[in-house]
Visitor: 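What follows is a single structure, and I will ask about it in a moment.
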Amino acid sequence: MSGFFKSSVGRKVAMAISAFFLMIFLLQHLFINTLSVFNPDLFNEVSHFMGTNPLVQFALQPVLIFGVVFHFVMGFILEIKNNKARQVSYAKNNGAANSTWMSRNMIWSGFVILAFIALHFIDFWFPEINTKFIKGDWSGLDDGEFRYYEHLKHKFVNPLRVVAYAVAFVFLGLHLAHGFTSAFQSVGAASLRKKLGNVGTAYAIIIPLGFILIAFFHYFKH
Amino acid sequence: MNLRLKIWRQKDARSKGQMVDYKVSEISEHMSFLEMMDVLNEQLINKGDEPVSFDHDCREGICGMCSMYINGEAHGPDRGVTTCQLHMRKFHDGETITIEPFRATAFPVIKDLVVDRSAFDRIQHAGGYISVNTSGNTQDANSIPISKHSADTAMDAAMCIGCGACVASCKNSSAMLFVGAKVSQYALLPQGQVEAADRVKNMIAQMDLEGFGNCTNTGACEVECPKGISLDVIARMNRELLKASI
């Protein structure tokens, strides 16, 4: 099996598996964020559960981080290899005649998403890690109340951050518009690639739009 | 039709090439693209210049020899045709046509528009065959029952003429449509089962060794393939490798 993952086909299967994992993660992340709009108390409780449950913290979280890092690193490795496969470019290339912009620019949408993840980590993940693992405070409390909703709300006060998030999510949508069905093709499920075309388009619109609307909701509510 | 041509000229594999401008006049819209190139070469020869080298053989779309990247697309702007089947009616009077060789590290330019596609041959040698004793006792292939669907799908894959348009069109110069077609052609038939695992492993290993890129499922290869080979063959190749590796 080690030989499989060293081959070009094996690497794209590995990319697809990590993509499936990340797409499931995005779905649950949006679900929890949606709670912040409709039920802040429930959002606090679910956030506290996700932030303190040992299974989530010590099993799922490392897998998630590995998945994110793997997807980016392997994406860049494959991009470098692909660039080497054509060292002299065409003087005239009509890529739009045979493929979508999204499919041809996964690396660029990926770069924007990577920049967004860095911002997102600085905003939310690093402070959480600091509170729990450095300070050793696992209570989730701030002045006697759960801090999660307040923390989220305050992050979306700055309009620049809201715009940065919205732009990043547009690129996430473009990435998913190709990536969703592409992942099925990579694992050999060509029939699912065709059948789930509309599901993929809906997913690529609904997920980023949901995150954008939540960010705007908190900005305007403030 | 009067046309301006921008053509890649390269003396040999070691020389540095460049785009050179030419003019051709009184081109009939009924001519094939290769016939237009013949007119240009006649013109160049009469002037004592070096004619443009380009690959061609059958001129009826079945040998896979003609290549050329025309106005940014392999085999030009038409669909389901090779360059020899591309008619000049697809262009308009006064148009500037850019003509380049297929570009890929694994397809080095030999001269002008001629590229070395022997990497495909080496991939075929790595496993694109079935070992059959041909000493005279060969069983009639028709005596083995094969479902109509399998036979048709195998035939669809076998339509691949190995022209390399998939590699030329792919932004990653991936050869997976070609290899997928060859793997599928045998994977779907009983005769191909015995060597199926070794075939897919060896052909993919050779493909990687030749320096082709990785498929990112843009689908450009499927659109530009003159024989309409579907992306399904790549998915089947992926399944075959997974099956062979477990």
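FYI, side chains are in, hydrogens and waters are out, and symmetry mates aren't considered; it's all heavy atoms of this structure. Being a predicted model, the structure only gives us computed values, none of them experimental. Chain letters run A, B, ... following the sequence lines, proteins first, then strands; residues in each count from 1.
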Visitor: Using heavy-atom distances under 4.5 Å, tell me whether C221(B) contacts chain A through its side chain, its backbone, both, or neither.
Guide: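 Looking at C221(B), nothing touches chain A.
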
Visitor: Under a 4.5 Å heavy-atom cut-off, does chain A meet the side chain of V109(B), its backbone, both or neither?
Guide: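 For V109(B), no heavy atom lies under 4.5 Å from chain A.
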
Visitor: So what's closer than 4.5 Å to chain A heavy atoms on I204(B): side chain, backbone, both or neither?
Guide: side chain

Visitor: What part of K84(A) gets closer than 4.5 Å to chain B, counting heavy atoms only: side chain, backbone, both or neither?
Guide: backbone

Visitor: Please classify the contact of T218(B) with chain A as side chain, backbone, both or neither, using a heavy-atom distance under 4.5 Å.
Guide: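 The answer is both parts of T218(B).
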
Visitor: Among A189(A), S103(A), S191(A), G179(A), which residue has the highest count of heavy-atom pairs closer than 4.5 Å to chain B?
Guide: S103(A)

Visitor: Counting heavy-atom pairs under 4.5 Å to chain A, which of G213(B), S230(B), A220(B) comes out on top?
Guide: A220(B)

Visitor: Find the distance between OG (S47(A)) and CG (L35(A)) and round it off to the nearest 0.5 Å.
Guide: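 One finds 8.0 Å between OG of S47(A) and CG of L35(A).
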
Visitor: Less than 4.0 Å between a side-chain N and a carboxylate O, is that true for K148(B) and D152(B)?
Guide: yes

Visitor: Would you call D78(B)-K90(B) a salt bridge at under 4.0 Å N-O?
Guide: yes

Visitor: So which residue, C215(B), G211(B), A244(B), P101(B), ends up with the most heavy-atom pairs under 4.5 Å with chain A?
Guide: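 When all of C215(B), G211(B), A244(B), P101(B) are compared, C215(B) has the most.
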
Visitor: Would H120(A) and F124(A) count as a close aromatic pair, with their ring centres under 6.0 Å?
Guide: yes

Visitor: So which residue, K6(B), E224(B), R236(B), E240(B), ends up with the most heavy-atom pairs under 4.5 Å with chain A?
Guide: E224(B)

Visitor: Based on non-hydrogen pairs under 4.5 Å, which of Q87(A), H178(A), Q185(A), K81(A) is most in contact with chain B?
Guide: Q185(A)

Visitor: Using 4.0 Å as the upper bound for N to carboxylate O, is an ion pair formed by E128(A) and K132(A)?
Guide: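 Looking at E128(A) together with K132(A), the answer is yes, because their closest N to O distance falls below 4.0 Å.
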
Visitor: At what distance, to the nearest 0.5 angstrom, does NE2 of H175(A) lie from CZ of F169(A)?
Guide: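 Rounded to the nearest 0.5 Å, the NE2-CZ separation comes to 14.0 Å.
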
Visitor: Under 4.5 Å, counting heavy-atom pairs only, tell me which of S89(A), A91(A), S99(A), A190(A) racks up the most with chain B.
Guide: A91(A)

Visitor: Does any part of the side chain of H75(B), heavy atoms only, come nearer than 4.5 Å to the side chain of L86(B), both counted from C-beta?
Guide: no

Visitor: Between K6(A) and D208(B), is there a salt bridge with N-O shorter than 4.0 Å?
Guide: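 Salt bridge absent between D208(B) and K6(A).
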
Visitor: With a 4.5 angstrom heavy-atom cut-off, is it the side chain or the backbone of I234(B) that approaches chain A, or both, or neither?
Guide: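 Answer is both: backbone and side chain atoms of I234(B) are under 4.5 Å from chain A.
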
Visitor: Could you have a look at E73(B), M207(B), E100(B), R239(B) and say which one has the most heavy-atom pairs with chain A under 4.5 angstrom?
Guide: E100(B)

Visitor: Below 4.5 Å, heavy atoms only, C-beta onward: do N93(A) and R103(B) meet side chain to side chain?
Guide: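 When only atoms from C-beta onward are counted, R103(B) and N93(A) do not touch, as no gap falls below 4.5 Å.
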
Visitor: Counting only non-hydrogen atoms closer than 4.5 Å, does F212(B) touch chain A with its backbone (N, CA, C, O), its side chain (CB onward), both, or neither?
Guide: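 Looking at F212(B), just its backbone touches chain A.
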
Visitor: Taking every non-hydrogen pair under 4.5 Å, which of M176(B), R79(B), M19(B) racks up the most with chain A?
Guide: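 So the answer, after comparing M176(B), R79(B), M19(B), is M176(B).
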
Visitor: Ring centroids only, cut at 6.0 angstrom: are Y90(A) and Y69(B) within range, meaning strictly under it?
Guide: yes

